[in-house]
Amino acid sequence: MIKLIQLILIIPIFSAIICSGLSYFNQKVSKNLNIFFAFITLCISTFLIIEITHSDNLSFVFAGFLEPFGIKFLFSKENAFLVLLINLIGFLFSLFLFDFLTHNKHQAPYFYALSNLFLVANVGLVLSQDLFNIYVFIELGGICSYALLAFKGSSASFSALRYLLAGSVAATFFLLGIALFYALSGSLTLESNLSLIETNLSNFLVLSASLFCFTALLLKAGVFPLHFWLPVAYGATHPLVAILVASIATKIAIYLLVSCFGGVINVLLASKFIAFSIEAILSFTIIYALTRAYFEKGISYIVAYIIVAEIAYIMGGIVIGNPDSIFASSYHLIADSLITAFAFSLIYLISGKGRDVYVSDLKGVLSNSLIQFIFWVYLAACFIGLPLTPSFITKIYLIKGALISKHYLFLISLLVGSLIITALFFRILFYATKETTIRREATYSNYATRLGIYCLFVLIIIYSFIPSLIPLNIFIK
Amino acid sequence: MTLIFLLYCGASFLFMIGLAGVAFLDNFLKKIYALGFMQGAVILFFIILSYRDGGDLPIFDYALSEKVIPKMVNPIPHVLMLTAIVVGVALLALAISILNNVARKFQTLSEASVKAQILLDKKNIEGQLVND
Amino acid sequence: MRIIQVIFFLLLLLVFIGISYELSFKNNEISTPKNIEIFYLEESRKSHATYNVVTTILADYRSIDTLLETIVIFITSMSVLFIRNFMIDKNRQSYRKFIEEIDCIYSSVTRNSIIIIFPLLIVFGLYVFVHGHYSPGGGFQAGVILATAFIMHSYVYANKYNFGFFLDRYAIYLNYIGVLIYFAVGLFGIIFSSTYLDYQGLSAVLNLSAKNLRSIGILLVELGVTLTVMSSVYLLFRGLYCESEDGNL
């Protein structure tokens with residue numbers, strides 16, 4: 001059992017090395033191996049979820065030492081679903097890669113290595129219990145995403161460079177926070193440092209150390225004042241890359257914020273003035289991001305601005321503090337990853353060779369193909385929050401929580417935001433159903449890509465029925 | 001005004017110079033140098049943490065009995081800094097290679113003119129799109 | 001806008017001075033060895049044959065961090081090649097086109113001194129690698145020194161007929177082999193013993209005492225790290241040095 005958890009980390013590393021090495025010699029074998037290993041990792045994480053509901057937390061220490069002297073990894077009920085989510089998106093991405101690399105043979109080794117190591121980095125972030133190990137995983141995931149986001153060239157390179165500078169500054173702040181934590185507590189494990197935060201946060205050193213780490217994770221998560229890198233980075237890049245990076249990176253940073261530094265959030269919310277100003281900032285974010293999305297002309301940019309608003313939903317749900325809204329936040333974390341992956345995969349289908357996709361390009365697609373029409377309508381419903389989609393459940397619980405706790409500003413911004421998205425998608429779909437003689441086909445749609453998109457669609461529908469079946473408690477505050 | 005206070009202040013000033021460089025400078029290459037400054041400052045911070053008066057290398061002698069443990073400098077920050085230095089070098093190399101692409105495409109190293117060029121391109125392309 | 005940034009900056013400066021002030025008071029408390037440090041120093045004297053405590057912590061107690069760091073430098077060199085659109089082509093057409101554009105004229109002083117320094121640097125790099133157990137050194141430092149030697153040679157001696165000494169042909173493969181060696185040593189741990197990177201699992205192949213097993217494990221791991229760092233730093237040089245017009249190398 002313990003060996004299985006280690007396999008979740010080891011198999012993607014193994015797959016990265018072997019598949020990218022073999023692809024210099026034999027392309028077919030490495031493609032099949034990549035999908036095979038991704039599938040095995042997915043099966044192991046599913047099996048482990050079933051195990052974890054019966055028993056307690058599973059933990060192990062690498063290199064076989066006892067806990068504070070080695071590095072401990074903990075697999076618990078909260079982590080299990082996130083690990084499954086990351087492996088699921090990784091498996092679907094490998095399905096998309098299967099077709100993409102038939103046309104770009106010489107870039108195969110880089111894609112295999114970068115995508116698998118990105119998955120390793122995020123799984124490790126979720127499981128690790130050692131502060132410096134978290135820093136190394138943040139840097140590894142960061143390097144993989146900088147390289148992947150800069151792949152397309154021209155303005156994608158510029159946005160990746162800005163993201164690199166901002167992300168490196170954030171990681172340096174995190175390292176400085178680690179230095180202060182080590183000076184104060186003499187150990188690097190999460191347990192001892194978190195107990196330090198809980199007992200004496202009024203000490204100036206503890207407060208500054210936790211604020212450094214907190215701000216670094218805020219930048220990685222894309223919360224309002226520090227979100228400046230997000231729309232251009234995810235909007236200008238190749239849609240295939242955005243499927244992998246955009247759906248995982250920010251969500252894992254939010255999870256780390258709440259699970260590691262939840263104490264800081266508690267202290268910040270204790271003062272009424274700060275709580276009200278945080279709520280005002282988040283409400284402003286939602287309206288600002290969705291208004292920017294309304295006036296954009298490129299679809300990737302629109303989805304990227306909607307991601308900023310969704311992150312504000314999740315953070316707002318946490319800040320409100322109700323059991324209902326916290327449930328809505330944890331539910332929406334996973335739902336938004338799947339919806340983002342779905343959105344970018346639809347954009348990837350339309351874009352031929354990764355050029356920028358504008359709303360006007362949608363003109364012929366939907367009236368010519370029924371399945372794509374269903375997918376785009378369902379995507380619009382997901383973002384708006386109609387029934388049969390996960391966002392419906394999220395919004396209901398968020399509204400209920402905001403009403404109970406009397407956070408009326410957030411409630412108003414939620415409703416206004418939904419109206420803006422509805423108007424936006426009516427505009428897009430109305431334009432897209434016009435008749436045209438230009439027939440644009442999806443370029444890379446072989447069976448693997450289609451399989452991936454159908455799987456995503458079915459998953460999102462299934463996910464909207466889940467809260468009555470399985471308890472998801474990711475955030476225990 | 002002890003020595004330790006001055007050392008920590010020195011590392012902090014180096015960090016702030018680096019942060020000011022990344023935030024306020026216009027040339028991308030200078031921003032990358034400033035990022036290197038920040039990383040050096042954090043490494044210096046850790047090393048000052050590990051210092052001990054009269055401390056010596058954390059290596060046992062051949063006789064295996066002479067060194068007394070409290071006389072050794074704290075080895076843990078040194079271990080962490082080995083990793084941090086390598087990660088810093090990796091980031092700088094990646095930044096320079098992406099900057100190479102940007103500079104080749106836009107023929108300039110200044111952030112403001114790259115932004116202006118991108119906005120101009122965007123306006124041109126979107127102005128040519130058929131309107132709703 | 002700029003004013004808000006400057007105000008934040010000055011506030012941050014004050015925070016740092018406050019941190020330095022508080023830390024200088026806590027200096028005695030920071031300097032006394034606490035439980036983790038005492039454990040590392042005493043245990044590495046008892047159960048390791050290595051004298052250098054930094055190497056044992058790096059390669060034994062926190063070996064997963066070192067594996068990740070090796071992977072970071074590996075993926076960085078691959079990313080630099082990726083962003084520069086390198087193509088590993090068997091017939092090397094673009095390689096030949098690039099080679100013809102190199103036009104280095106270095107004086108004979110530089111050329112002759114590089115010829116003398118180059119083997120000395122290689123020997124010094126290998127010395128630092130092997131003596132990682134007994135003096136400050138180890139995998140990363142040795143890898144960088146070896147890469148410096150090859151880079152210096154390529155920088156001065158590149159001409160139309162060949163680019164580098166031997167690392168130029170095999171750097172990409174050595175990159176993978178280094179990480180594979182590190183990874184394989186860990187696999188012995190998970191197959192024959194309890195966790196990944198547990199060096200006692202090597203007892204299935206070698207027949208030594210526990211102390212010496214750990215030493216051999218650390219040495220193998222450092223070998224992997226040296227190969228990877230050497231090839232990666234060389235590839236960083238190679239990826240950033242080439243200048244051609246169509247961006248094809």
Side-chain angles (χ1 to χ4, degrees), chain A residues 2-3 6-7 9-10 13-14 16-18 20-21 24 60-66 68-71 73 106-107 109-111 113-114 117 120-121 124 128 130 132-133 136-137 139-140 143-144 146-148 150-151 153 157 160 180 182-189 203-205 208-209 211, chain C residues 15-16 18-19 21-23 26-27 29-30 32-37 39-40 43 57 59-65 67-69 71-72 74-76 78-83 85-89 172-173 175-177 179-180 183 186-187 189-191 193-201 247:
Chain A
I2 304 275
K3 292 195 184 183
Q6 299 172 28
L7 278 181
L9 279 169
I10 293 174
I13 300 181
F14 185 60
I17 305 172
I18 295 282
S20 60
Y24 286 117
F60 65 98
V61 185
F62 268 118
F65 298 105
L66 299 174
F69 317 119
I71 295 176
F73 281 68
H106 52 272
Q107 282 161 346
Y110 309 117
F111 265 104
L114 282 167
L117 289 175
V120 166
S128 174
D130 184 275
F132 191 73
N133 211 12
V136 178
F137 276 126
E139 292 281 34
L140 180 62
I143 285 183
C144 292
Y146 307 144
L148 279 174
F151 153 60
S157 302
L180 290 173
Y182 178 67
L184 288 166
S185 69
S187 90
L188 287 167
T189 58
N203 188 0
F204 178 65
L205 279 176
S208 56
L211 276 181
Chain C
V15 166
F16 267 104
I19 291 178
Y21 188 63
E22 297 258 354
L23 274 178
K26 296 194 77 155
N27 194 29
E29 192 182 322
I30 298 176
T32 56
K34 297 211 181 85
N35 48 356
I36 289 191
E37 191 191 338
F39 171 79
Y40 280 144
E43 276 295 316
I57 300 180
D60 200 3
Y61 294 105
R62 298 185 70 98
S63 45
I64 192 70
D65 264 351
L67 174 63
L68 290 168
E69 182 188 348
I71 291 179
V72 162
F74 160 75
I75 198 67
T76 305
M78 302 297 291
S79 307
V80 165
L81 295 181
F82 178 47
I83 294 175
N85 284 327
F86 262 64
M87 295 187 233
I88 300 298
D89 209 354
I172 296 187
Y173 308 114
N175 215 359
Y176 285 102
I177 289 177
V179 186
L180 260 181
F183 189 76
L187 276 184
I190 196 172
I191 297 178
S193 175
S194 63
T195 49
Y196 186 65
L197 281 174
D198 192 5
Y199 295 135
Q200 305 305 320

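We name chains A, B, ... by the order of the sequence lines, and we start the count at 1 in each one.
C/Y176 and A/S20 share a donor-acceptor pair across their side chains, judged by distance under 3.5 Å alone.
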May I have the step-by-step check of side-chain contact (heavy atoms from CB on, under 4.5 Å) for A/I13 and C/V179, ending in yes or no?
-> CA-CA 10 Å; A/I13 300 181; C/V179 186; 5.5 Å; no
Intermediate values then yes/no, side-chain contact (heavy atoms from CB on, under 4.5 Å), C/L23 and A/L180 = CA-CA 9 Å; C/L23 274 178; A/L180 290 173; 3.8 Å; yes
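The aromatic rings of A/F151 and C/F82 sit parallel to each other, their planes meeting at less than 30°, with 60° as the upper class boundary.
Two residues are said to be in side-chain contact when any heavy atoms from C-beta on lie closer than 4.5 Å; C/L68 and A/N133 meet this criterion. Put simply, the side chain of A/I17 does not reach to within 4.5 Å of the side chain of C/I71, judged on heavy atoms.
When the candidates A/V120, A/I143, A/L114 are compared by the number of heavy-atom contacts under 4.5 Å with chain C, A/L114 comes out ahead. No other option in A/G186, A/S185, A/S157 has as many heavy-atom pairs under 4.5 Å with chain C as A/G186. For the set C/E69, C/K26, C/M78, C/Q200, the count of heavy-atom pairs under 4.5 angstrom toward chain A peaks at C/M78. With respect to chain A, the highest number of heavy-atom pairs below 4.5 Å among C/I30, C/L180, C/L67, C/D65 belongs to C/D65.
A donor-acceptor contact shorter than 3.5 Å is absent between the side chain of C/K34 and the backbone of A/S187. Between the side chain of A/Q6 and the main chain of C/Y196, a donor-acceptor pair closer than 3.5 Å is present.
The two atoms that bring A/D130 and C/R62 nearest to each other are OD1-NH2, 2.8 Å, heavy atoms only. Of all heavy-atom pairs spanning C/I75 and A/A113, the tightest one is CD1-CB, 3.8 Å. Taking each heavy atom of A/I10 and C/F183 in turn, the nearest pair found is CG2-CZ, 3.3 Å.
Heavy atoms of A/L140 lying under 4.5 Å from chain C belong to its backbone as well as its side chain. Looking at A/F111, the atoms closer than 4.5 Å to chain C (heavy atoms on both sides) all sit in the side chain, from C-beta outward. With a 4.5 angstrom heavy-atom cutoff, C/I177 does not touch chain A via any of its atoms. For C/Y21, no part sits under 4.5 Å from any heavy atom of chain A, backbone or side chain.
For the atom pair CZ of A/F137 and CD1 of C/I64, the computed distance is 6.5 Å after rounding to the nearest 0.5 Å. Taken to the nearest 0.5 Å, the CD atom of A/Q107 stands 12.0 Å off from the CG atom of C/L81.
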